[in-house]
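Residues take their numbers from the sequence shown, with the count starting at 1. When reading the values below, keep in mind they use all heavy atoms of this one structure, side chains included, and skip hydrogens, waters and symmetry mates. All of these numbers come straight from a predicted model, not from anything done at the bench.
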Amino acid sequence: MGVLSLPGLQGAFAQQPTASLLVLSKRDHTLAIVDPVTLKVVAKAPVGDDPHEVIASSDGRTAYVSNYGGGSLHTLAVIDLVGQKALPSIDLGALNGPHGLTFVGGKVWFTAEGAKAFGRYDPAAAKVDLILGTGQNRTHMIYVSPDEQHIIVTNVASGTVTFVDREEMRMGPPPSPNGPGGRPGPGPGGPPPGGGPPPSRKDWNETVVKVGGGSEGFDVSPDGREVWVANAQDGTISVIDRANKTVVATLTANARGANRLKFTLDGKLALVSLLDGGGLLVMDAKARKEVKRIDIGHGAAGIVMQPDGARAYVSCGPDNYVAVIDLATLTMVGKIEAGGEPDGLAWAIR
């Protein structure tokens with residue numbers, strides 16, 4: 001089986017019946033299924049050209065992989081994690097450059113960088129059932145709230161973050177054909193039949209927040225109050241008040257080449273991977289200051305937290321391994337060799 005029991009781990013993670021770590025290899029075009037107790041690869045499956053990100057379904061039975069191609073490709077690879085085999089891929093048509101992935105509400109949410117958009121794929125109906133444009137360049141990573149009412153994406157080349165919220169909107173009458181101060185009669189431009197307030201409906205409202213150059217890796221704090229964005233070109237971290245959608249701090253973090261940013265599950269630390277060989281930057285989330293830099297190799301990319309919060313796993317592409325970080329001691333305690341140039345990481349839990 002590709003999903004493995006974890007008898008040696010403590011806390012909530014140990015209570016899960018089965019779990020496995022998923023590791024993408026960009027060089028080998030494979031998805032590795034890893035036993036996080038032994039740190040050994042149990043199985044591999046092909047995932048097509050230029051795989052970048054991976055996510056598992058809520059039941060841990062299926063994995064989805066974005067085939068990116070710098071914005072030119074248009075498929076999601078699908079892996080049966082139980083049978084440990086590839087399934088037919090999903091053709092996204094004109095939604096080129098799928099990259100960031102998440103699985104919420106039984107559906108796969110993805111960014112489509114080449115289309116300046118993001119979308120949602122329904123596995124049950126076997127179709128894309130939502131597409132929303134951002135109008136921003138290189139829409140890359142995505143977060144979706146559990147209730148599916150709030151979406152956040154980063155736009156790398158525009159240096160922005162787009163907040164998308166499903167809200168109640170009033171459908172007021174169109175402008176009066178008689179001009180300002182006119183008194184339109186019944187029909188188009190007039191009041192709704194029978195009087196009363198205009199009808200309302202729910203629609204998506206987008207708010208674009210300017211951050212820093214190369215805004216890519218980001219995360220929402222566990223308490224939901226802040227969004228931290230790593231700006232790879234500027235080497236800074238933008239802290240956004242999520243409720244007001246405003247930047248409340250810009251941290252000079254010396255984080256040029258930042259790729260991913262993830263909070264620890266307790267919200268005390270934020271980890272930032274650095275592609276330029278700066279290792280793994282550890283920030284104190286409350287003090288908003290650097291705690292440590294962990295030397296894990298010559299460049300780091302994907303980050304995922306162990307479900308019990310005890311460890312972090314970081315892809316070190318140039319060194320062809322995934323670093324295992326003990327979050328209590330902030331030290332590297334192991335390596336996983338899961339294929340050349342590892343990148344996207346995810347958990348599959350059943």
Without hydrogens or angle criteria, can the side chains of [X] and [Y] be said to hold a donor-acceptor pair below 3.5 Å?
X      : Y      : result
Trp204 : Glu206 : no
Asp326 : Thr331 : no
Ser72  : Asn96  : no
Gln306 : Asp308 : yes
Ser215 : Asn231 : no
Thr75  : Asp91  : no
Thr134 : Thr139 : yes
Ser66  : Glu53  : no

Inset, instruction - For residues His140 and Phe218, establish whether the separation of their ring centroids is below 6.0 Å. - result: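 They do not qualify: ring centres at least 6.0 Å apart.
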Legend entry - Check: Trp109 ring centre within less than 6.0 Å of Phe103 ring centre: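 When the ring centroids of Trp109 and Phe103 are compared, they turn out to be at least 6.0 Å apart.
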Inset, instruction - Would you please classify the geometry between the Tyr313 ring and the Trp347 ring as parallel, tilted or perpendicular, with 30° and 60° separating the classes? - result: perpendicular
Legend entry - side chain to side chain contact (heavy atoms under 4.5 Å, CB included) partner of Asn205, the single match among Glu168, Glu167, Arg166: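 Filter result, single survivor: Glu167.
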Legend entry - Asn67 and its side chain to side chain contact (heavy atoms under 4.5 Å, CB included) partner, picked from Ile90, Leu76, Asp50, Leu73: Leu73
Legend entry - Side-chain donor or acceptor of Lys335 paired with backbone N/O of Leu39 under 3.5 Å: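 Absent.
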Legend entry - Any donor-acceptor pair under 3.5 Å from Asp319 side chain to Tyr321 backbone: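 Not a single qualifying donor-acceptor pair exists.
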Legend entry - Step-by-step side-chain hydrogen bond (donor to acceptor under 3.5 Å, both in side chains) determination, Asp241 to Thr246: CA-CA 5 Å; Asp241 181 298; Thr246 56; 5.3 Å; no
Give a yes or no on whether a salt bridge exists between [X] and [Y], defined as a side-chain N under 4.0 angstrom from a carboxylate O.
X      : Y      : value
Lys127 : Asp122 : no
Lys107 : Glu148 : no
Arg293 : Asp295 : no
Lys245 : Asp165 : yes
Glu337 : Lys40  : no

